[in-house]
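Everything numeric in this text was worked out from a predicted model, so none of it was measured.
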Amino acid sequence: MWVLFRVPCPTPDGRTAQDLYQSRVSGISAEMQASAALHGCLFHRAWFTQEGGEFVALAKWASKEGARAFYEEWSIEDEPGETATVLEGDIGLIPTP
């Protein structure tokens, strides 16, 4: 299951896309990475757009239940204004990891 997360920035509480990105840089620990793998995270990357108007992340989970368990374990909540879109289909030029 691929999920695209998008957060328009600045957020209602004033954080920029770079702020959201930096919070992941400092907050993702080796323990969190190991937990994500145990819960079935197969891919996860995050970016901020060049003009700064949006924070974007893309994740691939083996199951919705695994994703939910990971977010609950780490008390991860949506950012203000965040949307999560489940993507259907999977076609591309190179194999996915």
Side-chain angles (χ1 to χ4, degrees):
M1 172 181 83
W2 285 97
V3 184
L4 176 65
F5 301 93
R6 300 173 72 184
V7 182
C9 294
T11 61
D13 59 358
R15 290 179 293 155
T16 68
Q18 252 185 319
D19 292 337
L20 297 179
Y21 178 83
Q22 284 301 321
S23 72
R24 273 75 178 172
V25 169
S26 61
I28 295 175
S29 64
E31 294 81 15
M32 182 182 272
Q33 290 172 326
S35 172
L38 287 174
H39 286 294
C41 184
L42 305 169
F43 179 91
H44 182 278
R45 289 288 181 260
W47 303 267
F48 56 94
T49 58
Q50 187 174 32
E51 80 285 346
E54 191 171 39
F55 171 81
V56 181
L58 180 64
K60 183 176 185 181
W61 289 91
S63 71
K64 187 180 286 189
E65 295 78 20
R68 186 175 297 120
F70 172 79
Y71 292 120
E72 287 175 5
E73 176 183 345
W74 291 91
S75 302
I76 297 172
E77 297 183 14
D78 291 349
E79 299 291 353
E82 180 175 352
T83 61
T85 304
V86 176
L87 305 172
E88 299 291 336
D90 189 0
I91 186 74
L93 298 174
I94 59 172
T96 58

Legend entry - Any residue meeting side chain to side chain donor-acceptor pair (under 3.5 Å) with Glu73, in chain and number order, not counting sequence neighbours: Ser35, His39
Legend entry - Pairs where residues 17-42 contributes a residue and the test salt bridge (Lys or Arg N to Asp or Glu O under 4.0 Å) is met, not counting sequence neighbours: Arg24-Glu79
Legend entry - Summary of salt bridge (Lys or Arg N to Asp or Glu O under 4.0 Å) pairs that have at least one residue in residues 36-48, sequence neighbours excluded: none
Legend entry - Partner residues of Glu54 under the side-chain contact (heavy atoms from CB on, under 4.5 Å) criterion, sequence neighbours left out: Arg6, Thr49, Val56
Legend entry - Under 4.5 Å side-chain linkage, directly or through intermediates, the cluster mates of Leu20: Val7, Tyr21, Val25, Phe48, Phe55
Legend entry - Apart from Leu38 itself, residues in the same hydrophobic cluster as defined by side-chain heavy atoms under 4.5 Å: none
Treat each ILVMFWY residue as a node, draw an edge where side-chain heavy atoms are under 4.5 Å apart, and state whether [X] and [Y] are in one component.
X     : Y     : value
Trp74 : Phe43 : no
Val3  : Ile76 : yes
Val86 : Leu58 : no

Inset, instruction - Please report the C-alpha distance between Phe70 and Met32 in whole Å, then the side-chain angles of each, then the deciding distance to 0.1 Å, and finally whether the side-chain contact (heavy atoms from CB on, under 4.5 Å) criterion is met. - result: CA-CA 9 Å; Phe70 172 79; Met32 182 182 272; 3.6 Å; yes
Inset, instruction - Might you confirm whether atom CD of Gln50 has over 12 heavy atoms from other residues, nucleotides or ligands at distances under 6.0 Å? - result: no
Legend entry - Closest non-hydrogen atom pair between Gly52 and Ala17, with its separation: O-CB, 3.6 Å
Inset, instruction - Report the relative orientation of the aromatic rings in Tyr71 and Phe5; use parallel for angles under 30°, tilted for 30 to 60°, perpendicular for over 60°. - result: perpendicular
Legend entry - Side-chain heavy atoms of Cys9 within contact of Gln18, under 4.5 Å: no
Legend entry - Between CG on residue Leu4 and OG1 on residue Thr83, distance to nearest 0.5 Å: 7.0 Å
Legend entry - Spatial distance of atom CE (Met1) from atom CG (Asp90) [nearest 0.5 Å]: 13.5 Å
